[in-house]
Amino acid sequence: MVKKKVGGGKRYKAVANAKAQGLSEPKWDGPAPPLHIQKKLTRKVQFLDKVSANASTLAAKSGGVNKKTGRKKALPDLSTLGAVLDEVAQRGAGAGGGKEGKEEKKQRGASVNSAKQRQHILLEESQRMQQVLRHPLYKADPIAAITNHLQHTLPPPPPAPKSAPGKPGKK
């Protein structure tokens, strides 16, 4: 059977209190503990000081960002893509007609929670891509087909803020 250690907590508290008061060695109530235990306790106190200092710096750096609130959106902002496609359309690319592929049956959320859902989405998207590649308008002119599809599916850009001529803006 193993003997139970006695008094370690009191010694640890004494070392911590001595450190807080700025003393190099704690005041012991009874006989001084062996040298190896004193070294062990001082190393433990130093380690805990380092951990608390690092924890406070990490908390200050992170700013309390929650992982769940920092989730990415399902689709990024496509405004720059729309501007580029408008440019391509203005260069004289012929306009095709109709949407490629079938419309999705139900809207999916921004996050996918399981591997089974990811596999299902991958299958749907690969089938949709094969339909697009087989489409005759896409085969004739891919850029024009994509431009036409995006013009029909993307929402229109928000109107620019109008400023009334003759009325100065508030400061």
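Here, residue 1 is the first one in the sequence, and each next residue gets the next number.
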- Task: Would you check, one step at a time, whether the test side-chain hydrogen bond (donor to acceptor under 3.5 Å, both in side chains) holds for His135 with Gln131?
- Result: CA-CA 6 Å; His135 200 280; Gln131 286 178 347; over 6 Å; no
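The minimum heavy-atom distance between Gln151 and Asp86, with the atom names listed, is NE2-OD1, 4.1 Å. Lys139 and Arg134 make their closest contact through CE-O, 3.7 Å (heavy atoms, listed as atom of the first residue, atom of the second, distance).
With rounding to the nearest 0.5 angstrom, the CG atom of Leu41 is 11.0 Å from the CD atom of Gln46. Atom CG of residue Leu122 and atom CD of residue Gln127 lie 10.0 Å apart, to the nearest 0.5 angstrom. Atom CE of Met129 and atom CD of Glu124 lie 16.0 Å apart (nearest 0.5 Å). For the atom pair CG (Asp141) and CG (Asn148), the distance works out to 10.5 Å, reported to the nearest 0.5 Å.
Legend: residues meeting side-chain contact (heavy atoms from CB on, under 4.5 Å) with Asp49, ordered by chain and number and at least two apart, are Lys19, Val45. Partners of Leu150 under the side-chain contact (heavy atoms from CB on, under 4.5 Å) rule, at least two apart in sequence or in another chain, are Leu81, Leu85, Ile146, Thr153, Leu154. With sequence neighbours excluded, the residues satisfying side-chain contact (heavy atoms from CB on, under 4.5 Å) with Ser114 are Lys116, Gln117.
Hydrophobic clustering (side-chain heavy atoms under 4.5 Å, transitive across Ile, Leu, Val, Met, Phe, Trp, Tyr) groups Phe47 together with Ile37.
Put simply, the side chain of Gln38 reaches to within 4.5 Å of the side chain of Leu35, judged on heavy atoms.
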